[in-house]
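Notes follow once the structure below has been shown.
Note that this is a predicted model, so its numbers are computed, not measured.
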Amino acid sequence: MDTNELLLSIKLDISELKKTITSLTPKNPMMEIWIPRTEIMKWLNYGPTQMAAFEKNKDLIVTKVGKRKFINKASLEKLLEKNILRGKEIY
């Protein structure tokens, strides 16, 4: 597989991840913007420490209601795109 094919494959994977993020979002209009942090943790298979690191680095936009945190969906998509692996990083 050459580099162009690999990059196309990664782009398709990101597209699929975006679809998955969208499918996590219930049909509640507010949930189209905010996703419960616990759902994202399950999906990424990350614990609270890793999620806190993303929040601390300002990679994710977070709001808190009571003890529950919600992640802005657009900021999650931006984080995924920011971390696309290119060229030698893939191997």
Side-chain angles (χ1 to χ4, degrees):
M1 181 179 289
D2 72 359
T3 303
N4 288 334
E5 289 174 335
L6 197 50
L7 289 174
L8 178 60
S9 173
I10 291 169
K11 188 174 182 179
L12 291 172
D13 287 345
I14 289 174
S15 178
E16 287 299 316
L17 289 172
K18 285 182 178 181
K19 288 178 187 176
T20 302
I21 290 170
T22 301
S23 73
L24 289 174
T25 308
K27 297 304 174 201
N28 179 334
M30 187 57 104
M31 299 298 281
E32 302 232 353
I33 301 169
W34 299 100
I35 304 172
R37 182 179 189 246
T38 54
E39 291 300 315
I40 294 170
M41 288 170 55
K42 286 182 212 172
W43 180 67
L44 292 174
N45 196 26
Y46 282 157
T49 304
Q50 183 63 45
M51 291 301 295
F54 287 130
E55 294 167 24
K56 185 176 181 181
N57 289 336
K58 309 285 191 236
D59 288 326
L60 294 175
I61 298 171
V62 181
T63 189
K64 187 173 180 181
V65 179
K67 291 186 177 184
R68 295 188 66 197
K69 288 186 177 181
F70 298 87
I71 308 294
N72 179 274
K73 182 174 144 180
S75 72
L76 178 60
E77 289 175 353
K78 188 175 179 180
L79 175 67
L80 290 172
E81 289 182 10
K82 174 183 165 187
N83 288 288
I84 291 174
L85 300 177
R86 302 198 192 282
K88 293 180 182 176
E89 296 174 2
I90 297 169
Y91 303 104

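W34 has its side chain within reach of N72: a pair of non-hydrogen atoms, C-beta onward, lies under 4.5 Å apart.
Linking Ile, Leu, Val, Met, Phe, Trp and Tyr whenever their side-chain heavy atoms come within less than 4.5 Å puts I61 and V65 in one cluster. No continuous path of hydrophobic side-chain contacts links I14 to L8 [ILVMFWY only; heavy atoms under 4.5 Å].
Note that CG of L76 is 5.0 Å distant from CD1 of I40, once rounded to the nearest 0.5 Å. Distance check, rounded to the nearest 0.5 Å: OG1 of T38 to CZ of R68 gives 6.0 Å. With rounding to the nearest 0.5 angstrom, the CG atom of L44 is 8.5 Å from the CG atom of L17.
Applying the side chain to side chain donor-acceptor pair (under 3.5 Å) test to residues at least two apart or on different chains, the pairs with a partner in residues 57-67 are D59-K82.
K42 pairs by the side chain to side chain donor-acceptor pair (under 3.5 Å) definition with E39, not counting sequence neighbours.
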With a 3.5 Å cut-off and sequence neighbours excluded, list the donor-acceptor pairs that the side chains of residues 48-56 form with protein atoms.
{"unit_1": "E55", "atom_1": "OE1", "unit_2": "K69", "atom_2": "NZ", "d": "3.1"}
{"unit_1": "E55", "atom_1": "OE2", "unit_2": "R37", "atom_2": "NE", "d": "2.6"}
{"unit_1": "E55", "atom_1": "OE2", "unit_2": "R37", "atom_2": "NH2", "d": "3.4"}

